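So the structure is just underneath, and the comments pick up after that.
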Amino acid sequence: MALHKGHAEPEPDRHLALNPFYGLANPVGGMTEAPPLHRLPDGPLPPMSAYQVVHDELMLDGNSRLNLATFVTTWMEPQAGVLMAECRDKNMIDKDEYPRTAELERRCVAMLADLWNAPDPSAAVGCSTTGSSEACMLAGMALKRRWAKKNADRYPGSARPNLVMGINVQVCWEKFCNFWEVEARLVPMEGDRFHMDAESAAALCDENTIGVVAVLGSTFDGSYEPVAEICSALDALQERTGLDIPVHVDGASGAMVAPFVDEDLVWDFRLPRVSSINTSGHKYGLVYPGVGWALWRSPDELPEELVFRVNYLGGDMPTFALNFSRPGAQVVAQYYTFLRLGREGYRAVQQTTRDIARTVSERIEAIGEFRLLTRGDQLPVFAFTTAPDVSRFDVFDVSRRLRERGWLVPAYTFPANREDLSVLRVVCRNGFSADLAGLFIDDLNRVLPDLRRQSGPSADDKAAATSFHH
Ligand SMILES: *Cc1c(COP(=O)(O)O)cnc(C)c1O
């Protein structure tokens, strides 16, 4: 009769043939001592305990849907979330291992080239990035390299390259100029002009100008810069002086708004002087943070020596990027959103967002104690300040009181030559529904009686209040 027997021999030393993540079974051990916060703990915690510790701490982060400061997407459909979860292990640089992800990136670039009216979409070149900042670095590098090649007799040597732009540009351009040693030539604000105008831009250009950056639209007030006028001023400059200065359009927000709801506005590759365009897929491209795009009109605008090659299906694929490894999920989510919405869908989403921006700005104007600088009729973004006769509170007070109710609305001071002007700014995004907008106006009306009873502005947190508007 076969009976099972005990096992007398000592077991040889053996390791658990499992991922070490699964090895911790003691549910009590971790409860006796809190792990250190600023040094790596000595040992592991059970996964559920670690999850709960991190989860609980994060509950104190603001609610992203009430964040009216950010341009970045805070709501996507559950299906997009599922796709992103399915792709979270994919590294964008591994073109050979994930050829379909690489193909989706390629299709997105082609769709954007078509959307931005590249004269020959099949000739346009472009890439995904982590956001507009990286895209702007790449575009700026291409401008600088093209200029350097044309001026090899003077650079390096006597000439110092410069880049012309409005003082309202996003901080990434300041970074670009600092990191790549380019002089930033800034057109200041003047009176009621809060962005760069064509004449001032042309006036700052000389033989060392690598390009002009036109912003669609400005983060300060949501206004579009006059890209076509800037291009014609540079055409006139070329006729007068022979200087041929390319334009880069920083369309971080507007390049995914204007094509759908301002179809008559000519700002893109239809203007022969526009050599490159960037956008943030994670702003009005409607994807969660982590994706931007940079496109050049043709390979002539992107010096070949800046392009590196990686393996792809036995051949090689050109890449232009600052990072090497980068998550692929956002690129997949961008393709999903393009496929999901199409032109009509994007139009509906952006029009709805802009309608809400206009309604909210009108309702704020109707209160009587505020003056609108912009109305949300370009980007769905508007800036406003207190009316001239309001002396008991200022924009910083309004920002602080709204924050008590969960709303993040930045207050900040404008740059030169309007340092005298402080504003509040509201960024409307998909997900800020008409109902939420109504609740926001209710809350603004709810904090005003208190503010009217102040003896004057409470002046204490101006520096802190300016920190979250970019
Ligand atoms: C947001 C923004 C940027 C920076 O983009 P990120 O995607 O956040 O890196 C650059 N320029 C403009 C005009 C912007 O609005």
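Just so it is clear, the structure is predicted and the values come from calculations on it, not from any experiment. Indexing begins at 1, ligand by ligand and atom by atom, following the structure's order.
For Phe384 and Phe382, the gap between ring centers is short of 6.0 Å.
For ligand 1, the atoms closer than 4.0 angstrom to any heavy atom of Ser280 are 5 (O), 6 (P), 7 (O). Applying the 4.0 Å criterion to heavy atoms of Thr219 picks out, from ligand 1, the atoms 14 (C), 15 (O). Those atoms of ligand 1 that come under 4.0 Å of a heavy atom in Ser133, given as number and element, are 4 (C), 5 (O), 6 (P), 9 (O). Interface of Val215 with ligand 1, defined as ligand atoms under 4.0 Å from a residue heavy atom, comprises 13 (C). Residue contact check: His282 has heavy atoms under 4.0 Å from atoms 6 (P), 7 (O), 8 (O) of ligand 1.
Using a 4.0 Å cut-off between a side-chain N of Lys or Arg and a carboxylate O of Asp or Glu, Arg418 and Glu190 do not qualify as a salt bridge. Electrostatic pairing of Glu77 and Arg340 counts as a salt bridge here, judged by a charged N lying under 4.0 Å from a carboxylate O.
Both the backbone and the side chain of Ser132 come within 4.0 Å of ligand 1, counting heavy atoms alone. Only the side chain of Cys172 comes within 4.0 Å of ligand 1, counting heavy atoms alone; its backbone N, CA, C and O stay farther away.
Ring-plane geometry between Phe176 and Trp173 is classed as perpendicular, the angle between the planes exceeding 60 degrees on a 0 to 90 degree scale with a lower cut at 30. In this structure, Trp116 and Phe269 have tilted ring planes: the angle between them lies in the 30° to 60° band.
Note: no N/O pair closer than 3.5 Å links Gln170 and ligand 1 by distance alone. At least one N or O atom of Asp250 sits closer than 3.5 Å to an N or O atom of ligand 1.
Gly292 does not count as a contact of ligand 1, since none of its heavy atoms falls under 4.0 Å from the ligand. Using 4.0 Å as the threshold, Glu134 has no heavy atom nearer than that to any atom of ligand 1.
Between Val187 and Arg193, some side-chain heavy-atom pair lies under the 4.5 Å cut-off. In this structure the side chain of Leu138 reaches within 4.5 angstrom of the side chain of Trp296, judged on heavy atoms.
Closest to atom 1 (C) of ligand 1 by heavy atom, among Lys283, Glu225, Met137, is Lys283.
A cation-pi contact, defined as under 6.0 Å to the ring centre and within 45° of the axis, is absent between Lys95 and Tyr312.
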